[in-house]
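A short write-up of the structure that comes next.
The sequence lines fix the lettering, A, B, ..., with proteins before strands; numbering per chain opens at 1.
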Amino acid sequence: MSFLTVENIVKDFGGLVANNNISFAIEEGEIIGLIGPNGAGKTTLFNCIVGYHRPDSGKVTFREKDITGFKPFETNRAGIGRTFQIMKVTTGMTVLENVMVGSFCRTNDRNTARGEALHVLGDLALDAVKDYYINELPIAIQRKVGLARALATKPALLMLDEVASGLNPTEIEEVVELLRRLNSAKKITLFLIEHIMEMVMKVSQRVIVLDYGEKIAEGLPADIVKNENVIKAYLGEKYAQGL
Amino acid sequence: MLKVSEIEVRYSGIPIIHNVSLVVNDGELITVVGANGAGKSTLLKTIAGALHTSKGTIHFGNEEIQGLSTPEIVRRGITYVPEARLIFGPLTVEENLEIGAYIVNDAAQKKNNLDYVYHLFPRLADRKKQPGGTLSGGEQQMLAIGRGLMSNPKLLMLDEPSLGLMPKLVDEMLGAVAKLRGAGKTILLVEQNVRESLELADRGYVLQTGRTILEGTGNELLNTESIRKAFLGL
Amino acid sequence: MEKLKDALNFSDFSKAERIGLIIFSVFLLTFPWIGAGSFTTTVMIQFLLFSLFGMGWNTIGGYGGQVELGKAQYVGIGSYTVALMMVWWKVPFWVSMPIGILIAVGYSFIIGYPLFRLKGHYFAIATICTSLVLKDIFDNWNLVGAAKGIELPIHDHPDFLYMQFKSDTYYYYFIMALFYIGLFYMNWFRKSKLGYQLRMIKDDENAAESLGIDIRWCKIKAYSIASAFVAVGGGFMAVYNLYIDPASTMELSLSIKIALMAMLGGAASLWGPIIGAAFLVPLDRFLGSWLGGQKGLTGIDFMIYAGLIMIVSAYQPRGIWGIIEQFRKRGH
Amino acid sequence: MKIRNVAVFSLVLFLSLLVASPAVFSAEKEVKIGVLYPLSGALATIGRDLQRAAELTADIINNKAPGVDIPMAQWGGIPNLGGAKIKLIFKDHRGEPDRGADLAKSLILDDKVVGLMGAYNSAVTKTVSAVAERYGIPMINDSSTSPDLTERGFKWFWRTTPHDNYFNRDLFELLKGLTEGKVKGVKAVPKKDLQNLAYACENTEWGSSVAKSIEGYAKEYGFTITKGLLYNANAPDLTSEAKALVAAKPAAMLFAAYLSDSLLMIRTLKGMKAQTKFFWGQDAGFEMADFAKTLGADINGVLTRTVFIDKITRVKKVAGQVNALYKKKYGDDLTGATARSVVGVQAWAYVLNKAASTDPKAIQKACNEINIPATDLVMPWAGVKFDAKGQNVLGRGLIGQYQKTADGKISLEIVYPFDLATANFIYPFPGWK
Amino acid sequence: MLIADALLQGILMGLLFALVSLGLTVIFGVMDIVNFAHGEFLMLGMYSVYWANFFFHIDPLIALPVSAVVGALLGLASYYWFIKYLLRGPAIAQLFGTFGLMLFLQYFAMFLFSADYRMIDKGLLVGKSLSVGPFIFDWTKLAAGILSLVAFAVVYYFLHKTKTGKALQATSLNKEAASYMGIRTDRMNAIAWAIGGGTVGMAGGLLVNFYYAYPMVGILFVMIAFACVALGGFGSIKGVFFAGLLVGILEMIFPVFGHLIGSDFLGPHFKFTVVYLAYFIIVVVRPQGLFGWKN
């Protein structure tokens, strides 16, 4: 049994099939990229795994446990963390407090939670902004806070939704480094939706491609860019020609 | 026709657009490309008056329009077709289009526009009595563009019209944009299909983290190294 | 022990706030000796009582961000439990009040479970409806005195067991003690796991869920804590007024008053409900006492009261404490 | 810096609000009585009337009223207290029991009143009297009619008005009188014609105790209650209540309602063309001036229990004289409620005079021994004399009937007690206009 | 027979409840505000007809437009002088702001008109009833029901057939999109308040034919209106119409039901309890209300 197995997921939004019969498996310690045009059903797939949507049919298994139809907080407790493409810009809590909420997932003690949170923040070099409110920070840092928050729940599998979007190349470089470090040092399996091909190519060990709600390809990055279906649906003929 | 000069836009205190300048001339199709979060939609919304500048000016014709409210800007001839389409779900296709013509008082003109939209997107004509919310994604996009055309805009701003559409529809949509350009409409387009849209465009601008970093004709940009690297994965 | 330390630890507040708290505490302790008159004492008691109510509401309404407008039903539960147990079985206050809390908490769980399926205005109106339903039931239930209400027997001698005193000073110190227990609890609560989780829920429900927070369960917990607070206040009202009826303990206007005070002072802050009560209770009572019976001025007191509510909500929607917070943030 | 300013400012504001309690001033030779009435809120109208009547009475005592033939009107102050004037301090309890209690404390401790009067709403009277009891300050209740109030064994509480049980018994006496042919202008009615009764009472402390008492007397006098309803006061709609009453086909419909509901109830019944032998209302709404003013000819034949009707002036000279003063000053006739307020202040004056002291113990003793003769009262009572529970045993009620006069106006005529009857009883209910 | 009668009476009351709630749902639909002061618009509508009748002896039915105009003006004034500023704050501040407005208007009315209960005693239909077979209808209620239907038809026509109405609907569906169409949403808000105030003012004018006016009268009806609006689904005109009918019918049928099964406990005193309970149950089962389409 694989670490995360997704079998025949179907999700239908009133006639609009967002996910159609998608299956794949992820092994522990991998970094998997999920690509596809906007609206191809990537986020829906994430939501089906994490539990914001209940798939119409199909099965999700995580560490040999059937988690189909789990609520998001249940999948989180089972060990799946996630970040959001758009971070809600709120004014209610500081960065440290945000991350502490993540650590509270695994402890009831405030001091422990605070310690953990500070540790994570230090790890991501965010100590300097710990007392700021999220709306006071630039987007790149906001994303990092989202990541820190998810990391504080100590996930075994971390699902990242366009973590690099809106970042400039240097910032992307940093994120790639960070993800690799998380994967190797903390043994966190990473599953990322990404839009920026450059980043996907660099970081992922394997890539899954969705188009129009269906999985059209899966494989090594180098193979994917040569895959005809992918070229047609996503990269474009000209991309392939330019290759 | 439209001249955006060194504007800065803040969103709850944080600058999203730092320094953007842009010119659209009569009859041109201009494409703005850039990564997600680079500020493309923000730029269009600012021109449309939904957001306000904290620095810089926006001229439309001879008039400064920054600071005007959206309805006022629409009345001056700029119509924005939003990224999320924002169809009035429970209303029928035709009602949606009628609301699009809210500022047009001339019934004949309205009728003409309606015919033109149905001519451009025959599929909408087939579904005129159907509630907008029940259309497919592509049809909703057609409806959104059609609704934008109903107000007779001098400048039409399209925010990612191919978003979330299957490849065939993307081509169809961009084809429609080309047709509009052929009919002499002035269009400001924001697209994620960098290659196709730049090929279509008279000129293009590249935004990065709220700044215009490059501008030029479509082909010039397509052959720029950094564009190829960042957007085309080359 | 650790929790107690947390509860008594105000060190993360600014110096000005801590000095303010000390001055305020000294004032509260010495108040009965400054000879301010008995009406003022009753106003102080009302102020402390409503602070307590407001602190309770603040858990779900302030930190949790749920517009809860049905707290009066828990005032009713608290006061009826104390009154009925005293009248029927002569159960002392110190036994009946905890039982009242238990009943309130139990009831809040039962009702909270369906209630928190709802969001936004649907939720707010549903809380009003549950409260009205309970009031109607009590209004017609002969066993509990129906609309006639219940009178508690007056004891000839002061009786600590039944909380019966002649002088309001005793009641004053008692409600003050409750007030401080509430304050310390809230000071702990805002730093507790639940406190943090609630604030996250208020900020962003989706993110909260992804961080392993069971939103509905958290809300129910906060709701029941709020209910417990309010039930304590209700129990106090029973022994203080010696008469309760559904009209005075379960009315919608009481629910709104509770929420209004916390909101106007500043929701989701420790001082908010206290400031709100300190602002509205004296305003209401003194205006009522000065202008209430004046001929030709009928309604003026309420117009002033309402006008102030309107001004605060239009020009400083984050409440009085919101202004101060704003300054503090600038100071960073 | 700024935080501190704001914090200090709010603290100062708060403290100054607290310390500035109502000013206490004392003039020479004044006896202060605290009076609690609902002067704002839903009952503000009646509260204002009560206040007027109390003020008028105090004025009569303090400043003499030569045209009024009772000793009190010639006093010019309380004689045995060296001519001290009565000063009434009014407080508005808004119908809220807890506010009433707080104001009572304020009156006792801050204003140092010698006694209390009020509070109209029985629920408020409960908390106010509990405060008076705890502080050992006498309270004379002029206008709350819940029987429970004098059943609590209080030592500092007296009530001048008869309570609801008296009034309810009057009703059944009237019914009995009808069957026996004692009612003026009506031949004996067969009992079976009157057998079935129905009532609708508002669901408050007052209304529900009236309901209970009606049930009790019906059993005692051998009548049947075919439908008994409690409804929520101030209802947006009383159609289904009225329907239920009509459906029960009773010989008489009995009500306990304040003005708002009584207006709506009569209108609704009229809309249904409800038929019954007679309608009877337990005071409150039914006897208020606005009731007759608003409904006009519709209520020809409707009965209300009361303690005072302006027709009394034909039988009692004093009543006429006081009523004239009241009417001159405020434009309305005295009603049952306002006349009781007159008697309340009057009772206080007599008690103070008898006690010849403002010491609570002396007043307590005076209250227990007081005996105001019938001739001194505006009420058709046998006097004021309290029993061990503090209830005035000499009070009695009246039943009045609204009757259309020749000129189309509506006047309230006494039909019970039989010896005071001022007009023929209209029986059965003549039907809607 | 009893049930049929209750049903008919319930429909009449229900139509009026629906009219009272109509404005609330229009205002909510366009700007997501629950207006606590809605009942006070009703109250002032009642007073305007009452005074027109009292001073100028205008028949309450003929004075009806007065109440609608007074209500509409009041709505406009509240919007431009107060609500506009309130919109900048969070939802909870809006709730309490309108609560403040409610208290203010109540006591302002008390200050002006005193707390007296006022009921119209002369009028074309006042106190008259109509017998149809075994059923008796109060003419004033019948008129209220019919005019309420007319008002619904007019509002429905306005919203669906006129240009402004469609713009209003568009604003209600999506404010942002509407503004991209050149619709001045601020003006639409004001129109919503005018409609809200006008319809409820008119409801007041109808109500005063058989109900008494006094400063606190609003709260009685606004609670029912809240239940109707939420039950129908916030912002749904169709929803509020059927919810109003449902509430009216429930309120009438329930006591009959209690009577038929011979239970005194299930008497009329619980008729509104049942309405609130029904709201709670329906909404828990269907959290968007009966006809709700908005989240």
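- Counting non-hydrogen atoms of neighbouring residues, nucleotides and ligands closer than 6.0 angstrom, the CZ atom of F257(E) reaches no more than 12 such neighbours.
- With chain C as partner, the option from L86(E), T273(E), I83(E), L101(E) having the largest number of non-hydrogen pairs under 4.5 angstrom is T273(E).
- Interface remark: of the candidates N140(C), L118(C), N142(C), L264(C), N140(C) forms the most heavy-atom pairs closer than 4.5 Å to chain E.
- Of the atoms belonging to L134(C), not a single heavy atom falls under 4.5 Å from chain E.
- Most heavy-atom pairs under 4.5 Å with chain E, from the set Y315(C), Y305(C), F302(C): that is F302(C).
- Most heavy-atom pairs under 4.5 Å with chain E: of the set A259(C), G307(C), G61(C), S253(C), this distinction falls to A259(C).
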Report the C-alpha distance between I256(C) and F96(E) in whole Å, list the side-chain angles of each, state the deciding distance to 0.1 Å, and finish with yes or no for side-chain contact (heavy atoms from CB on, under 4.5 Å).
CA-CA 9 Å; I256(C) 293 181; F96(E) 290 116; 4.2 Å; yes
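- One finds the CG atom of D301(C) at 11.5 Å from the CZ atom of F111(E) (value rounded to the nearest 0.5 Å).
- Using a 4.5 Å cut-off between heavy atoms, V285(E) contacts chain C through its backbone alone, with no side-chain atom that close.
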Applying ring-ring contact (aromatic ring centres under 6.0 Å, His included) to F226(E) and H121(C), what does each step give before you reach the verdict?
CA-CA 10 Å; F226(E) 279 168; H121(C) 295 295; 9.4 Å; no
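- Taking CG of L252(C) as the reference point, atom CE of M223(E) lies at 6.0 Å (rounded to 0.5 Å).
- In this structure, the portion of F270(E) lying under 4.5 Å from any heavy atom of chain C is its side chain and not its backbone.
- When all heavy atoms are compared, the tightest approach of S313(C) to G97(E) is OG-CA, 3.1 Å.
- Listed here is the closest heavy atom pair of I92(E) and M263(C): CG1-CG, 3.8 Å.
- For the atom pair L95(E) CG and L69(C) CG, the distance stands at 6.0 Å (nearest 0.5 Å).
- If you tally non-hydrogen atom pairs under 4.5 Å between each of F272(E), F36(E), F82(E) and chain C, the highest count goes to F82(E).
- Taking CD1 from I311(C) and OH from Y85(E), the interatomic distance works out to 12.5 Å, rounded to the nearest 0.5 Å.
- Applying the 6.0 Å contact sphere to OH of Y80(E) captures more than 12 heavy atoms from other residues, nucleotides or ligands.
- Nearest approach of G100(E) to A306(C), heavy atoms of both residues: O-CB, 3.3 Å.
- Heavy atoms only, all atoms of each residue included: M310(C) and F104(E) are closest at SD-CB, 3.9 Å.
- Rounded to the nearest 0.5 Å, atoms CZ (F280(E)) and CD1 (I125(C)) are 13.5 Å apart.
- Once rounded to the nearest 0.5 Å, the distance linking OH of Y122(C) with CD1 of I282(E) reads 12.0 Å.
- Residues L260(C) and F99(E) approach most closely at CD2-CE2, 4.1 Å, considering heavy atoms.
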